[in-house]
Amino acid sequence: MSTVTEGPPQATAPSGRDRSAAAPLRWSPVELLPAVLVALLGGWLLMPGHGLWFDELFTAEVARLPLGDILTAIATGEGTTSYLAGVPPSYNAPYYLVTYLWTSVPGLGGDTSLRILSLLATAGGLTLITRALTRLAGRGTGVLAGLVLAANPLVLEQSVEARSYGLAVLATGAAALGLVRWLQEPPRGLLLFGLAGAGMGLAHWYAVTVLAAFVAAAVLLRRRRALPVALTGALAALPAVGFVGLAVLNGTGARNAEHLRDTDGRLVALAAEAWAGGRTPLLYLGLGLAVVGAFRAAGARVVGACWVVVPLLLLVATELVRPVYLPRYLLAGLLGLGVLAAAGAMALPRPARIPVGALLLACSLLASAPLADRGPRERADDLVAVLAQAHESGEPIVAADQRSATGLDHYVRTLAPQLRPDVVLPPDDAPPGEDRVWVVRRLLDGEPEPTDDDAILRAAGLRMVDQYDFPAGKTDLVLQLWSR
C-alpha cells in the first residue's frame, strides 16, 4: 500500500506521530472505488422497486408542491394537506427545498429519482471521505475507509431512502476534506469546511456534533493556530441553530420526539451495534481496530478519534436531559467509526494490513447481506393496485388514518387517477349512506388503528365482509370492504 511522503521538517506538526502536515498524494481513479461499490450495492437494493413508505411519501408529496407553498409551510409550521395538518415540512426543511429543485429537472419527478438522489449524494460523500483520508493517511487507508463505509449496513440502508441522510453524508465528506486541506495547506480548505459544515447541519442537525468533532481535531492538532477553524465552525453551525429555533417558534421542534427512546445509559453500545447491523463479527472487529487506530494510526489518529468520540459524548450528555437515540440520526458521527477502524487496520504491521483490511471489508459486506432480502417497508402501491381491480365507480374509498391517507393519496395520483373522485381523506369521515365502502387503515400491534369510521359504518347498517392484508417492514396496511 502507498504511504504519504513526509513533508519538509519545517512543515511537520509538533507531534512525531502526526502526519497531517505531510504533502498530499495526487488524486488517483482508485479513490472512486468506494463510490462504485456503494452505487452497485445501492442499485441492487433498489432493483425490486418497492414502493415508498411514510417518510419517503412525505418527501414525495412535499417536493411536488409549488415553492411558495413549501416556504409558507416551513415558516408557519402548518401542514401541506388536510390529513398532515400536524406534520409540516419545517423539520428537515432544507432537504425538501433540495428535492423540490431535483424533481423540477425534466425526467426526475418519479419516486425512484428521489432515492437515486440519496444514493448519488452518498456516493459523492464517500468519494470525498476517501480523498480526505488519502491526503491525511495514505491511499491504502483512504480507499479502505471508503470501501468499509460503502459496505456498511447503516450507510447502505439510508443511501437508498428518499430522506436527507445521503445529503448529510455528502456534506460531512466535504467538511472532512476541507479540514484536511486546511491542516496541510492553510488557509486552503477553510471556505470548503465552512460551507460544507453549514450543509451538514442543514441536512440533519445531529451532524453539527460531527462539525464540533472536526473543530476539536483541528484544535488538538494545531492548538492556537486552529482559531480560524473554530470561528468558521461556529459560523457554520448558525444555519442549523436557526432552523432549530424556527422549529421551536412554530411549534414543530418536538414533532419527532416520540420516535426517540431513552437508552438507560447504553447509547454508545447501541450506536456501535447499529453501525455493525447488530451483534455481528463486524462489531467486534471494527471496535478492536478502532482502538488500534485511535492509538497507532499516523495521520488519521486524531481526526478519526474525534470523529467518533465527540459526537457520542455530546449525545450522551444531551440524553441526561431528553432522549436522543435513533440509529439513523447518528449516521454522520458513526461514519467516523468506519474511518477509525480502517485506519487501525492500516496501522498494523505491514504483513497483516491487507489480510485484516480484507477481513474488515468482508465483515461489512456480511453484516449488510440481510438488506438484500429486505422486503417493502410499506405496500400502499400494492393496495392501490388491488383497489384499481376490485373497486367499482362510485364506491367510497376511505383513508382511516394519517399514514394510510398519505400512501393512498400518493399512489392514486401516480398509479390509478381514475379512483380520485371516490377517495375520502381525513378529516372527512366515511359517508353513511352507501351500500359498499372501502376502508384503508394501518395495523397497530396486529389490530386496526381505532377510528370514528367504524362506528359510522356500523350505525349505517354496514359490516366488514372482506379484508386484504398488506404486511410490510414499517407499516402494515389493510384494505377492508364494508357492505350491507
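Every heavy atom of this structure was used, including side-chain atoms; hydrogens, water molecules and symmetry mates were not. Throughout, residue positions are numbered sequentially from 1 according to the sequence presented.
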- prompt: Taking atom types as modelled, is there a side-chain donor on Y83 or D409 under 3.5 Å from an acceptor on the other?
  reply: yes

- request: Answer whether the closest heavy-atom distance between the side chains of H391 and L419 falls below 4.5 Å.
  value: yes

- line: Between L330 and A271 the two heavy atoms that sit nearest each other are CD2-CB, 3.6 Å

Partner set under side-chain contact (heavy atoms from CB on, under 4.5 Å) for A203, not counting sequence neighbours: L167, A168

- request: Could you tell me whether the side chain of E395 and the main chain of E392 form a donor-acceptor pair under 3.5 Å?
  value: yes

- request: Sequence neighbours left out, what passes ring-ring contact (aromatic ring centres under 6.0 Å, His included) with W482? Give chain and number order.
  value: none

Distance-only polar pair, side chains of D69 and T72, donor-acceptor under 3.5 Å: no

- request: Kindly say whether A430 contributes a backbone atom to a donor-acceptor pair with the side chain of D453 at under 3.5 angstrom?
  value: yes

message: Would you say CH2 of W44 has more than 12 non-hydrogen atoms from neighbouring residues, nucleotides or ligands within 6.0 angstrom?
response: no

- prompt: OG1/T59 to CG/N92 distance, rounded to the nearest 0.5 angstrom?
  reply: 8.5 Å

message: Can you list everything that forms a side-chain contact (heavy atoms from CB on, under 4.5 Å) with A388? Sequence neighbours excluded, please.
response: A416, Q418

Pairing residues for F193 by the ring-ring contact (aromatic ring centres under 6.0 Å, His included) criterion, not counting sequence neighbours: none

message: Working note: R374 + E157, criterion salt bridge (Lys or Arg N to Asp or Glu O under 4.0 Å); need CA distance, chi angles, decisive distance, verdict.
response: CA-CA 10 Å; R374 186 180 68 169; E157 181 181 21; 3.7 Å; yes

Aromatic ring proximity, centroids under 6.0 angstrom, F243 and W205: no

- request: Would you list the pairs meeting salt bridge (charged side-chain N to carboxylate O under 4.0 Å, His left out) in which at least one residue belongs to residues 113-124, sequence neighbours left out?
  value: E56-R115

- prompt: Out of curiosity, L117 CG to R163 CZ, how far, rounded to the nearest 0.5 Å?
  reply: 13.5 Å

- prompt: Where do A237 and V208 come nearest, in terms of heavy atoms and distance?
  reply: CB-CG1, 4.3 Å

query: What residues, two or more places apart in sequence or in another chain, satisfy side chain to side chain donor-acceptor pair (under 3.5 Å) together with Y165?
result: R328

task: Give a yes or no on whether a salt bridge exists between R64 and E61, defined as a side-chain N under 4.0 angstrom from a carboxylate O.
output: yes

- request: Tell me, with the steps shown, if D381 and H410 meet side-chain hydrogen bond (donor to acceptor under 3.5 Å, both in side chains).
  value: CA-CA 9 Å; D381 54 337; H410 178 81; over 6 Å; no

- request: Taking all heavy atoms of Y325 and all of A274, pick out the closest pair and write down the distance.
  value: OH-CB, 3.8 Å

field: Minimal non-hydrogen separation, G173 against I129, with atom names
entry: CA-CG1, 3.5 Å

query: Taking the six-membered ring for Trp, are H204 and Y206 parallel (under 30°), tilted (30 to 60°) or perpendicular (over 60°)?
result: perpendicular

query: Which residue pairs pass the side-chain hydrogen bond (donor to acceptor under 3.5 Å, both in side chains) test with at least one member in residues 121-131, sequence neighbours excluded?
result: E31-R131

statement: Closest heavy-atom pair, S364 versus L282, reported as atoms and distance to 0.1 Å, is OG-CD1, 3.5 Å

field: Residues, nucleotides or ligands: over 12 heavy atoms within 6.0 Å of R420 CZ
entry: yes

- line: Residues passing the side-chain contact (heavy atoms from CB on, under 4.5 Å) test with I456, sequence neighbours excluded, are D429, P432

Distance-only criterion, 3.5 Å: show the donor-acceptor pairs between side-chain atoms of residues 144-154 and protein atoms not counting sequence neighbours.
unit_1, atom_1, unit_2, atom_2, d
N152, OD1, L154, N, 3.0
N152, OD1, V155, N, 3.2
N152, ND2, W275, O, 2.7

- request: Scan side-chain atoms only and decide if R442 and S404 contain a donor-acceptor pair under the 3.5 Å cut-off.
  value: no

field: Partners meeting side chain to side chain donor-acceptor pair (under 3.5 Å) with D435 (sequence neighbours left out)
entry: R484

message: Show every salt bridge (charged side-chain N to carboxylate O under 4.0 Å, His left out) that has at least one partner inside residues 454-474, sequence neighbours left out.
response: R441-D454

- request: For V241, check side-chain contact (heavy atoms from CB on, under 4.5 Å) against everything at least two apart and list the hits.
  value: none

